[in-house]
Structure formats: C-alpha cells, structure tokens
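Quick note: numbers below take in every heavy atom, side chains included, and nothing from hydrogens, waters or symmetry partners. Naming: A, B, ... by sequence-line order, numbering from 1 per chain.
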Amino acid sequence: MKPQLKSLTQTQGFAVLTLVLGILVIWYIAALLMNGNQMINMLERTGQSWTYTQVLQGAYSIQRPPLPVPHQVAMELYQSVLNQAVTSRRSLVYHSMITLESTLLGFALGSLLGILIAVGIVHNRTLDASLMPWVIASQTVPILAIAPIVVVVLGSMNLTGVLPKAMISMYLSFFPVVIGMVKGLRSSDKLHSELMMTYNASRQQFFWKLRWFSAQPYLFASLKIAISAALVGAIVAELPTGAQGGLGARLLSGSYYGQTVQIWAALVMSALLGWALITLVGMAERLVLRRRGLTR
Amino acid sequence: MHAVKLQPQTSSPAKPHRLMIGIDDLSLVFDTNDGPVHALSHINLDIHQGDFVSFIGPSGCGKTTLLRVIADLEQQTSGTIHVGGTSPQDARMNRLYGYVFQAPALFPWRTIASNCALPMEISAQPKSHRQAQIDKYLKMVGLQDFKHKFPWQLSGGMQQRASIARALCLEPELLLMDEPFGALDEITRDHLNMELLKIWKATGKTLVFVTHSIPEAVLLSTHIVVMSPRPGRIIKVIESPLPRDKTLGLRDSEAFHALAAEIRQALASDHQID
Ligand SMILES: Nc1ncnc2c1ncn2[C@@H]1O[C@H](COP(=O)(O)OP(=O)(O)OP(=O)(O)O)[C@@H](O)[C@H]1O
Ligand SMILES: [Mg+2]
C-alpha cells in the first residue's frame with residue numbers, strides 16, 4: 001500500500017511540474033509575440049536598423065510590456081514585498097493587509113447573516129417562501145454596479161474606510177452560506193429526527209442537538225466559497241472608492257498608469273491571499289470535524 | 001389478554017395489571033406509487049402493565065409498523081389506540097416510552113457516553129444522575145471500555161448495544177424494542193436476554209419486543225403475538241405457561257419446547273411462499 005501511495009504522489013508531482021513548465025513555455029512564447037511587436041515598433045521609430053537579438057532582449061525587459069513575463073512579475077513581487085517597509089505605500093504587504101481587513105470583516109458579517117437567514121428559512125414556512133427569492137435575486141445584480149452605490153451612500157452618511165468595503169464582501173459572501181446552511185440544516189437523518197421525536201425534544205433541542213451538527217459539513221463547504229467571495233468583494237469595492245490602499249487600488253492605479261508588471265504582481269498577490277484564506281478555512285474544518293468525530 | 005375489553009382509563013395507576021396499550025380494530029394503509037399497502041389490518045390487542053410481549057412473524061408482516069403506531073411515529077388509517085390511558089401522542093409527549101430502533105441511530109458526532117446522555121439531556125436530568133445511569137447501563141451491555149469512542153469506532157453489534165443502553169438509561173415505563181438483538185452473536189444475545197429479564201422482573205416495566213427468533217420469544221415473553229403479512233394481521237396471541245422467573249436452563253424443558261412448537265405451527269399454518 002505504502003509504495004503505491006508514494007508513486008502516486010510522485011506521478012502527481014510530476015504531472016503538476018509538467019503542467020507548470022508547459023504554462024511557463026507558452027507564457028514566454030506569447031510574451032515574445034506580443035511584446036516583440038511593440039519592440040519592433042519602438043525600434044523602427046528610431047529610424048535605425050535593428051536586429052532580432054535586440055527584439056528578443058527587449059521583449060523580456062521593457063518597462064510596460066503588454067504581457068509581462070513571470071520573472072518580471074517575480075522581481076516586482078520581491079521588490080514590493082521584501083524590499084519595502086510594510087508600512088510603505090509601495091509595499092504589497094501593506095495593501096494586502098488593507099484588503100484582508102475588509103475581507104475578514106465582511107466574511108464574518110456575511111457568514112453570520114447567512115446562518116441567521118438559513119435558520120429563519122428552515123424554521124419558518126413564510127420566510128422560506130418570501131426570503132429565498134430575494135436572496136437569489138440579490139446575487140443576480142452585478143456587484144460592479146452595486147459597489148459604487150453602496151460606497152457613495154455610506155460615504156454620504158460619513159461611513160468610510162473599511163466598513164463600506166466590508167459591506168460589499170458581506171453582500172457576496174452571505175449567499176453561499178445561506179444556500180449551504182439551508183441544505184445542511186435540512187439534511188438531518190430521518191431516523192435521528194424520529195429518535196428526537198420519541199424524546200419529545202423541543203424545537204431548540206432539535207436545532208442545537210441535531211440540525212446544527214448535521215449542517216456542519218455543509219457549513220464548511222459554504223465558508224470556503226464565502227471567504228473567496230469576500231476577497232473578490234473587497235477588491236472590487238476598492239476599485240470605485242478611489243481608495244488609496246488595498247490590492248484593488250493597486251490594480252486600478254496599475255492599469256491607470258499602464259504599469260502592467262504592477263497589475264500582475266497585485267494579481268498574484270490576491271491569488272496567494274485567496275489560497276491562504278481557503279486553506280485556513282480548510283484547516284479549521286478538519287480540526288472541528290475531527291474533534292466531533294465526523295471525519296476519521 | 002385480548003379478552004379484556006377496552007375501556008376508558010378509570011382504574012388507579014397504582015393498581016397492577018393496568019391496561020398499558022389498548023388497540024381496537026386498528027388498520028393502517030400506506031399509499032404508495034404501486035397502490036395501497038395494507039401494513040396493518042384489523043388489529044385487536046391489549047397489553048397490560050408488566051407484560052413482556054413479543055411480536056413474531058415473517059418479514060413485512062407489519063411488526064415495525066405496529067410498534068411505530070404505538071410510539072406515535074405513524075398514524076393509523078382507522079381504529080383506535082390508547083397508550084398509558086392516553087393517545088399515543090400524549091404518551092410520547094409525556095415521555096412514557098423508550099424506543100430502540102431496528103438500526104442503532106447513534107449520532108456520529110457524539111461519543112458513546114454522550115449518545116447515551118442525549119435523552120437525559122433532553123429531559124433535563126441532573127448531570128450526576130446521567131453519569132451514574134450511563135456507567136450502569138454501559139457496563140450492563142459490556143461497553144464500559146468504549147465510553148469515549150465514537151460510533152464509527154465500534155462494530156455493528158456494539159453500536160446496537162450502545163443504542164439499547166441509551167434507551168435503558170431513561171428507565172421508561174414502557175420499552176419498545178425493534179429487533180434489538182438481531183445483530184448480536186449468540187453468547188452476547190443470551191447475556192443481554194438475561195439482563196433484560198432481570199431489569200423487567202426488578203422494575204415491573206412493560207416491554208414490547210420484536211424478534212425473528214422463536215427461542216428468544218419463548219424465553220422472554222409472557223405473551224407472544226404471531227403475525228402474518230399481506231395484509232399485516234395478528235393470527236394468534238399465545239399466553240406463555242412458563243413462569244415469570246426464567247433461567248437459560250429453561251430452554252431444555254418440555255414446556256419450552258411445547259411452546260416453541262406451538263409458535264412454529266402458528267407461523268407455518270399461515271405460511272405461503274410466493
Ligand atoms: N413508510 C412506508 N411506506 C410504504 N410502505 C411501507 C412503509 N413502511 C412500511 N411499509 C410496508 O408495510 C409493510 C410492513 O412493514 P414493516 O416494516 O412493519 O415490516 P416488519 O414486520 O417490521 O418487517 P421486518 O421483519 O423485515 O423488519 C411492508 O410491506 C412494507 O413494505
Ligand atoms: Mg421491522
């Protein structure tokens with residue numbers, strides 16, 4: 001069993017490595033094609049003769065390439081993460097922290113709201129019929145349209161900073177929690193429910209001793225979606241606020257000034273942040289479910 | 001026992017042999033996609049306090065359904081039923097009975113001890129009492145060393161024993177058990193049979209018990225209800241001539257074999273293989 005397992009992880013690692021290498025190769029070729037054209041244009045404008053060596057060198061090192069290559073992005077990340085004080089506007093850590101703050105606040109509020117709505121829906125027929133369509137409708141409105149409205153409205157009420165952004169995060173993250181929790185709270189085993197009936201358990205006891213626990217696997221699946229949605233919400237919210245900080249502001253200013261390398265670095269950073277957040281929720285899930293004996 | 005006519009509960013609760021369950025011309029029809037299923041047809045049965053009653057019969061004859069009607073988990077289509085002098089619903093609300101399901105039905109997120117604590121938590125019994133009951137009955141079913149294990153760490157038979165302990169912890173007036181020992185080996189089964197008899201004799205509880213085993217029915221019961229399928233009905237109620245004070249040695253006696261033969265005959269007389 002063990003050697004097989006090992007060879008499995010080995011082949012898996014090999015497959016991942018091949019994939020990454022393939023993507024890198026395609027990336028560099030694409031960058032050469034896209035940036036090379038711009039390079040040739042630049043060289044021709046000087047009126048002098050040029051060689052393909054010049055094009056090749058320039059394609060991978062121009063300041064604002066249409067498509068930056070991975071090592072340029074890596075250099076930018078290195079510069080902006082490790083070579084800056086974390087309090088500096090130029091530090092990506094500084095911007096990440098700002099985004100993280102509203103992500104976490106929005107996630108916490110959204111999860112709480114989602115759980116409360118789900119509890120209401122499964123316990124009350126009227127709420128089930130009246131609330132669910134609104135919950136679904138809320139997600140059909142494009143967030144890019146909602147974000148500026150929320151920010152402006154809250155701004156006029158003198159609410160600025162982290163709160164408007166957290167609201168957008170909350171708006172995106174409560175939805176998967178509602179859907180998952182409603183399903184989870186209704187997933188209790190029929191036999192377990194009948195057992196509770198023979199004990200003449202009250203509604204509260206049904207909830208706290210049975211439904212809440214049968215819902216937990218569903219809750220954690222939803223929380224993973226919710227936290228990545230919260231991150232997207234925070235970044236989107238930073239675009240129209242004219243915010244000075246945050247990964248979204250960084251993306252916006254990058255595109256404003258044509259700083260493609262900076263855009264890509266912020267992009268990679270938000271991907272890393274999202275990965276880390278989902279991993280954290282996954283760890284919490286394993287911890288809780290194992291302690292409850294729900295996984296082996 | 002079926003000779004007793006059903007009447008409203010007027011006798012005082014302290015009086016022995018009070019009517020515990022009274023079922024009068026009860027029928028239950030399930031509406032299914034393939035048409036109606038006559039799970040119970042014209043059931044008449046009186047069970048008195050302190051009786052140990054076994055339901056026996058081929059698969060699908062309505063034993064579980066009848067037990068579920070008594071427990072208010074299923075409602076009859078016609079006829080009447082009283083449990084402890086009230087409707088099954090009131091009996092359930094008053095937590096008159098304990099129910100052991102055909103499957104263990106343990107909560108996977110609770111340990112064995114905490115599963116046993118569940119019904120006592122719900123009826124708000126003090127913690128020290130809960131602990132004592134759990135220790136007592138887990139020991140009785142031989143699971144004292146598995147208190148802190150989760151259900152999935154136990155075998156099927158051990159899980160079933162845990163679910164029996166959970167029901168016993170409540171010490172209900174009326175114990176409804178659906179094939180509780182079906183998943184157990186012979187030795188454990190013998191042991192638990194004797195333990196159950198001991199509890200029953202000591203407390204004077206009423207037991208209603210579903211089984212597929214003729215020897216088990218003979219060994220345990222004061223009354224054996226023989227049932228038959230399609231439609232589910234009672235074909236015979238046999239009152240046991242055996243003494244209430246039973247030992248495993250009884251199984252070698254004449255009377256034991258005679259009763260077993262009577263049950264087998266009743267079952268066979270109605271048996272068609274289709
Ligand atoms: N919820 C239900 N819906 C439809 N039919 C049902 C339902 N429950 C039971 N039945 C039918 O009622 C009949 C009696 O079922 P029941 O479970 O009471 O049998 P049983 O005597 O307990 O059998 P076994 O010994 O196999 O446990 C069967 O024909 C069964 O298919
Ligand atoms: Mg059954």
Is it the side chain or the backbone of E194(A) that comes within 4.5 Å of chain B heavy atoms, both, or neither? both
What part of S202(A) gets within 4.5 angstrom of chain B, counting heavy atoms only: side chain, backbone, both, or neither? neither
What pair of heavy atoms forms the shortest contact from R166(B) to L195(A), and how long is it? NH1-CD2, 3.3 Å
Which atoms form the tightest heavy-atom contact between Y199(A) and R95(B), and what is the distance? O-NE, 2.6 Å
Atom OH of Y99(B) and atom CE of M197(A): how far apart are they, to the nearest 0.5 Å? 11.5 Å
Point-to-point distance, once rounded to the nearest 0.5 Å, from CG of N200(A) to CG of L96(B): 12.0 Å
Show which side-chain atoms of residues 129-139 of chain A pair as donor or acceptor with protein atoms under 3.5 Å away, not counting sequence neighbours.
| unit_1 | atom_1 | unit_2 | atom_2 | d |
| --- | --- | --- | --- | --- |
| S130(A) | OG | T126(A) | O | 2.7 |
| S138(A) | OG | V135(A) | O | 2.6 |
| Q139(A) | NE2 | Y171(A) | O | 3.2 |

Against chain A, label [X] side chain, backbone, both or neither, depending on which of its atoms sit under 4.5 Å from a heavy atom there.
{"X": "L176(B)", "result": "neither"}
{"X": "F107(B)", "result": "both"}
{"X": "A71(B)", "result": "neither"}

Could you check which of D189(A), T198(A), L191(A) has the highest count of heavy-atom pairs closer than 4.5 Å to chain B? T198(A)
Close approach to chain A in residues 120-147 of chain B, criterion heavy atom under 4.5 Å: E121(B), I122(B)
Which class fits the ring pair H192(A) and W109(B): parallel under 30°, tilted 30 to 60°, perpendicular over 60°? perpendicular
What do you reckon, is CE of M167(A) surrounded by more than 12 foreign heavy atoms closer than 6.0 Å? no
